[in-house]
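Let me begin by presenting the structure, written as structure tokens, before commenting on it.
For ligands, and for the atoms within them, numbers begin at 1 and follow the listed sequence.
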Amino acid sequence: VRVFSNLAVSLDGKIADRQQPRHALGTPLDRKTMGVIRAQSDVIVIGANTLRASPHTMRVPKGLAKRSGRQPANAVVSASGNLDPDWKFWQDPEVVRFVFTTERGWKQACEAAQERAFVVKAGQDQVEIPRLLERLKKSGLERVLVEGGGELVSRFLEARCLHEMYVTLTPWLLGGRENPSLVGGAGLSPWAGLKVLKSKRVGQEFYFHYKVKGARRV
Ligand SMILES: NC(=O)c1ccc[n+]([C@@H]2O[C@H](COP(=O)([O-])OP(=O)(O)OC[C@H]3O[C@@H](n4cnc5c(N)ncnc54)[C@H](OP(=O)(O)O)[C@@H]3O)[C@@H](O)[C@H]2O)c1
């Protein structure tokens with residue numbers, strides 16, 4: 001299993017403005033790059049807040065060849081199961097959906113999904129990331145793209161289950177202590193070490209590809 005993330009950050013490490021959650025940080029080239037990275041994946045995993053900010057499926061854009069010829073599956077992670085049944089996300093006929101939830105979120109998640117997703121219990125109070133990856137692997141989904149947000153990225157790092165990170169550094173400062181950042185959570189201990197695999201500058205953006213040191217094989 002290969003697990004890699006892709007997010008755009010401001011210079012101060014923020015990934016979104018809570019006041020304007022739809023306002024993208026990246027340029028059209030960053031969006032295009034996102035499509036190229038998606039095309040390498042079997043499944044795209046996101047946290048529930050990311051879906052709340054933009055409640056539709058994550059797809060490979062037209063014109064890009066997809067792995068195994070179809071759209072990557074989409075998996076949303078939600079402890080609460082508090083998801084809106086009316087989201088467009090549930091209606092895309094080309095995307096296989098998963099909801100990973102907990103004992104406590106199970107009932108609400110099933111009510112929201114209404115048979116339009118595989119709803120999987122993978123923990124008591126929190127979704128255990130190794131269990132999520134095992135379940136995806138069982139379905140043959142071995143190239144796993146974590147698209148954020150910061151809370152979900154922190155869980156993958158805590159579990160030492162994130163192998164690579166793609167980061168686009170965009171020329172913005174957002175500030176705001178409430179704005180989510182690349183890695184949320186309570187703080188990593190020990191810190192995660194990174195190694196730069198590739199970097200390039202295009203215009204005002206920097207594109208980085210890192211290896212995360214010490215990540216375990218799944
Ligand atoms: N710049 C970028 O590239 C980029 C990329 C992605 C997202 N974003 C933005 O980032 C914002 C969201 O980021 P965020 O950090 O607030 O949230 P997030 O990581 O998207 O979602 C957090 C939620 O996911 C669920 N969750 C995550 N890990 C879990 C685990 N191990 N077990 C159970 N549940 C888990 C919980 O859902 P429940 O609340 O349901 O319990 C939690 O409240 C949005 O505004 C989005 O647009 C930006």
Would [X] and [Y] pass as an ion pair if we require N to O under 4.0 Å?
X    : Y    : answer
E94  : R70  : no
R143 : D42  : no
K138 : E134 : no
K121 : E103 : yes

Would [X] count as being in polar contact with ligand 1, using the rule that some N or O on each side must be under 3.5 angstrom apart?
X    : answer
N6   : no
G81  : no
L25  : no
G150 : yes

Check if [X] has a non-hydrogen atom at a distance under 4.0 Å from any atom of ligand 1.
X   : value
A8  : yes
R18 : yes
R52 : yes
V77 : yes

query = If you look only at pairs with a residue in residues 26-36, which of them pass as a side chain to side chain donor-acceptor pair (under 3.5 Å), with sequence neighbours excluded?
reply = T27-E205, D30-T168
Sequence neighbours excluded - side chain to side chain donor-acceptor pair (under 3.5 Å) pairs with any residue from residues 171-196 = none
Protein contact of [atom] - nearest heavy atom, named by residue and atom, plus distance:
atom                    : result
atom 32 (N) of ligand 1 : V127 N, 2.8 Å
atom 21 (O) of ligand 1 : N49 N, 3.2 Å
atom 38 (P) of ligand 1 : S80 OG, 3.4 Å
atom 45 (O) of ligand 1 : A16 CB, 3.5 Å
atom 48 (C) of ligand 1 : I15 O, 3.3 Å
atom 18 (P) of ligand 1 : G149 N, 3.4 Å
atom 34 (N) of ligand 1 : A79 N, 3.0 Å
atom 27 (C) of ligand 1 : L152 CD1, 3.9 Å

inquiry  = Checking R155 against Q126: is there a side-chain donor and acceptor pair closer than 3.5 Å?
reply    = yes
query = Which of the listed options, K14, Q126, H23, holds the heavy atom that is closest to atom 33 (C) of ligand 1?
reply = Q126
message = Minimum distance, heavy atoms only, to atom 5 (C) of ligand 1: which one of E128, E151, E147, R22 is it?
response = E147
[X] side chain near [Y] side chain, heavy-atom distance below 4.5 Å:
X    : Y    : value
C161 : R216 : yes
W90  : V95  : no
T101 : V120 : no
R52  : N82  : yes

remark   = The answer for which part of A53 has a heavy atom under 4.0 Å from ligand 1 is side chain
inquiry  = Heavy atoms only, cut-off 4.0 Å: how does S78 contact ligand 1, side chain, backbone, both, or neither?
reply    = both
inquiry  = Closer than 4.0 Å to some heavy atom of G47 - which atoms of ligand 1 meet that?
reply    = 18 (P), 20 (O), 21 (O), 24 (O)
request  = Could you list which atoms of ligand 1 come closer than 4.0 Å to a heavy atom of R155?
outcome  = 28 (N), 30 (C), 31 (N)
request  = Can you label the angle between the Y166 ring and the F4 ring as parallel, tilted or perpendicular, going by 30° and 60°?
outcome  = perpendicular
query = Shared ILVMFWY cluster between V96 and I46, side chains joined below 4.5 angstrom?
reply = no
query = Would V43 and V99 show up in the same hydrophobic cluster when neighbours are defined by side-chain heavy atoms closer than 4.5 Å?
reply = no
request  = Please check atom 42 (C) of ligand 1 for a protein heavy-atom neighbour under 4.0 Å.
outcome  = no
